[in-house]
Amino acid sequence: MNSKARLVELRALIHHHNHRYHVLDDPEIADAEYDALFDELTGLETEHPDWITQDSPSQRVGDTPLSEFTSVTHERPMLSLDKCTTTQELADWLLRCRNRLGEEPTIALFCEPKIDGVAVALVYVEGVLTLAATRGDGQTGEDITANVRTIGSVPLKLAAKNGRPAADVPPRMEVRGEIYMPLADFERFNEQARANDQKPLINPRNGAAGSLRQLDPKLTAQRPLTMYAYSVGWVEGDWQPLSQSEVLERLADWGFRVNSESGRFEELDDVQRYVDDLLARRDALGYAIDGTVIKVDSLDQQRRLGAVTRKPRWAVAYKYPAEEATTKLLDVEFQIGRTGAVTPVARLEPVFVGGVTVSNATLHNMDEVARLDLHIGDKVLVRRAGDVIPQVVSVISSRRKRNAEAISLPRSCPVCGSPIVRADDEAVARCSGGIKRCSAQRKESLKHFASRLALDIEGLGDKLIEQLVSVELVAEPADLFGLEQAALVGLERMGEKSAGKILRSIESSRTTTLPRFIYALGIREVGEATAQNLADHFGDLDALVAADAAALENVDDVGPVVAANIAAYFASTETLGVVQRLRKAGVSWPNVQPAARAAELPLAGQTWVLTGTLERLTRDEAKARLQRLGAKVAGTVSKKTHRVVAGPGAGSKLSKAQSLDVPVLDEAGLLALLAEHDVALD
Ligand code: IVH
């Protein structure tokens with residue numbers, strides 16, 4: 001193939017994989033393979049600069065910052081929406097539609113999540129993105145083409161599903177949609193901003209708007225933005241869609257991301273159910289919404305209904321409770337976490353926000369308090385969205401009394417009285433009491449120890465732990481394993497039966513896994529993933545305890561700070577004592593194979609598949625033994641499968657293995673292999 005043909009092919013391939021990744025969320029190739037295609041493309045383009053086209057995937061990030069945005073007049077105004085908040089108002093709206101259409105028509109309604117982001121209009125000429133504009137005042141917006149081009153889910157060129165240019169793309173059309181920042185990315189961005197002492201974003205919408213307002217597209221390219229397309233503003237050519245449903249189907253075919261949460265209904269009851277269900281799932285959607293948009297599905301009916309004063313009659317926004325509200329800061333208290341970290345917490349005049357009444361909000365740390373310039377009595381903006389704890393995002397007015405009290409860090413721990421210290425390079429202040437002196441730290445580390453991802457002690461909730469520490473039945477994790485029925489029964493609201501249940505779940509948590517145990521210790525900045533990496537790397541606890549900082553830094557995702565935290569934890573007689581007493585109390589786990597030695601295992605690098613019934617072993621037992629020998633056990637047979645173990649009743653997996661020439665063993669064959677490696681039956 002000549003280089004020009006290869007270049008054309010690469011562009012199409014990259015567009016295709018880009019679409020799989022950003023739009024369908026279902027990549028077909030690994031990141032490294034994608035990068036290799038991309039490098040090959042940019043290599044060819046460097047050799048032949050005159051072959052570069054505007055729709056080449058290499059041209060997403062322009063390198064010349066703008067000095068200002070130019071205005072763009074929309075060919076058709078971008079409208080806003082009427083609102084409703086009750087079933088009655090929704091019914092009234094539908095009745096008005098019916099009356100205006102002057103018949104007794106079936107009005108099918110199309111429901112979509114109302115994304116809380118930034119509306120954009122994208123002009124495609126012969127299928128190529130040529131202009132992207134903000135909504136502005138609805139008539140005139142700003143040209144943000146360079147920034148929008150950096151967003152992976154916005155097609156630079158419209159394509160049919162097979163990655164080839166679509167023959168049916170209109171000569172000119174304008175696609176409208178909402179650009180937004182997914183909630184997880186928003187939270188991550190803010191965590192980073194706070195860690196770097198930078199101003200966090202107020203909400204995901206501000207995050208998206210601010211990112212699109214950058215004059216340098218390189219900055220926009222670094223922000224996690226994506227888009228859902230929701231309509232066509234105007235279209236030239238033969239394609240004359242009949243309904244909103246058809247518009248969305250077509251947009252998806254051409255490569256846009258469209259929201260799969262939408263629904264078409266003919267009964268008002270069903271619409272109301274959609275609205276209620278979406279609200280119930282609001283926190284789990286992964287993006288901010290402020291309501292449901294309900295549209296008349298037929299575009300002919302839409303045209304006949306028309307618009308009044310910048311609002312269409314054919315659509316309405318069913319609004320959800322706001323996720324932001326203003327209230328008054330009554331006081332600031334300081335909570336002590338399991339590692340002694342002091343967190344300022346705002347006590348607020350109760351306010352209804354995000355569907356619940358909020359009276360406390362986190363202030364993160366003292367840097368955040370200083371940045372907000374908080375004073376007692378201030379009017380503040382509070383945000384509660386998703387399952388994230390409520391936050392104070394800003395002070396609303398500086399109209400404060402002259403003697404208003406500024407907030408300062410206490411000198412001593414409100415719980416144990418030990419001095420509060422703050423290292424110069426840390427945002428976090430800590431109580432210096434440690435678990436020995438500070439009962440707050442004791443309680444919090446015990447809660448962590450018993451939590452779901454740690455030892456997962458069912459029934460041992462926060463309230464009970466607080467009681468156990470307060471009455472001094474428990475001071476550290478090992479004490480849990482010495483608890484007796486009689487002592488528990490003396491506690492508030494504790495009967496014989498529940499005491500027995502709790503003792504049984506403590507007992508069964510005695511056998512755990514190494515990663516859970518490491519995580520349960522609550523070493524600073526050692527989360528669940530790091531604990532797993534440490535367990536994989538060292539294989540047993542003694543090796544981990546003995547490791548110095550340099551050895552720890554060899555573990556995946558462990559940097560100098562985390563390595564120092566771990567080394568300090570095991571170097572302290574106080575914390576090491578906690579570990580030793582737990583082992584003495586009988587906490588144990590099966591040995592795991594350290595990754596360093598895993599490559600030497602007999603079945604390292606092999607993928608096995610089990611199918612049919614086994615008689616002498618259960619599937620789980622067979623799987624565990626194969627894994628002990630270094631094999632991966634997969635659920636489906638492919639070219640990459642090394643061996644299939646088939647028992648009676650094996651079906652399609654066995655035939656697939658035979659068609660791919662994958663060697664097949666029966667149970668006897670498996671047992672012989674296991675015996676050969678000393679991992680047969682226990
Ligand atoms: S339809 C005239 N669909 O809500 C029809 N708008 O007040 C208006 N929005 O700024 C657009 N999600 O950006 C429509 N699925 C959706 C939407 C949506 C969010 C925004 C839109 C506009 C505002 C309308």
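Whatever order the structure lists them in is the order used to number ligands and atoms, beginning at 1. No hydrogens, no waters, no symmetry mates; every other heavy atom, side chains included, goes into these values.
Checked against L81 for a side chain to side chain contact (heavy atoms under 4.5 Å, CB included), the options R310, K295, K114 give a single hit: K114. If you run side-chain hydrogen bond (donor to acceptor under 3.5 Å, both in side chains) between S56 and each of E45, R11, H15, only E45 comes through.
Looking at P113 against ligand 1, only its backbone comes within 4.0 Å, counting heavy atoms. For A315, no heavy-atom contact with ligand 1 is shorter than 4.0 Å. With a 4.0 Å cut-off on non-hydrogen atoms, L81 touches ligand 1 through its backbone as well as its side chain. Under 4.0 Å from ligand 1, the heavy atoms of E178 that appear belong solely to its side chain.
Panel note: side chain R149, backbone Q59; a donor-acceptor pair is recorded below 3.5 Å. Looking only at distances, a side-chain donor or acceptor of D378 sits under 3.5 Å from a matching main-chain atom of H375.
Around atom OH of Y21, no more than 12 heavy atoms belonging to other residues, nucleotides or ligands sit under 6.0 Å away.
Residue contacts with ligand 1: V118 is placed with no nitrogen or oxygen under 3.5 Å of a nitrogen or oxygen of the ligand (distance criterion only). For ligand 1, the polar-atom distance check against E112 finds a nitrogen or oxygen pair separated by under 3.5 Å. For a threshold of 3.5 Å applied to N or O pairs, the pair formed by S80 and ligand 1 contains no separation below that value.
Below 4.0 Å from some heavy atom of K295 lie the following atoms of ligand 1, by number and element: 1 (S), 3 (N), 14 (C). For ligand 1, the atoms lying closer than 4.0 Å to a non-hydrogen atom of A119 are 10 (O), 13 (O). Interface atoms of ligand 1 facing V293, defined by a heavy-atom separation under 4.0 Å, are 3 (N), 16 (C), 17 (C). Heavy-atom proximity to P312, at under 4.0 Å, picks out these atoms of ligand 1: 2 (C). Atoms of ligand 1 lying under 4.0 Å from any heavy atom of L79, numbered from 1 in the order shown and given with element: 2 (C).
If you look at F265 and Y274, their ring centroids are closer than 6.0 Å.
Taking atom 19 (C) of ligand 1 as the reference point, the nearest protein heavy-atom neighbour is I115 O, 3.2 Å. Shortest contact from atom 21 (C) of ligand 1 to any protein heavy atom: Y230 OH, 3.1 Å. Considering only non-hydrogen protein atoms, atom 23 (C) of ligand 1 sits nearest to K114 NZ, 3.9 Å.
Of all heavy-atom pairs between A121 and M78, the closest is CB-SD, 3.9 Å.
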Exercise. Can W314 and W93 be said to form a ring-ring contact (aromatic ring centres under 6.0 Å, His included), step by step?
Worked result: CA-CA 9 Å; W314 48 263; W93 167 78; 9.4 Å; no
Problem set entry | Check against ring-ring contact (aromatic ring centres under 6.0 Å, His included), F186 and Y180 | CA-CA 10 Å; F186 163 76; Y180 67 94; over 10 Å; no
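By the 6.0 Å and 45° rule, R264 does not stack over the aromatic ring of F110.
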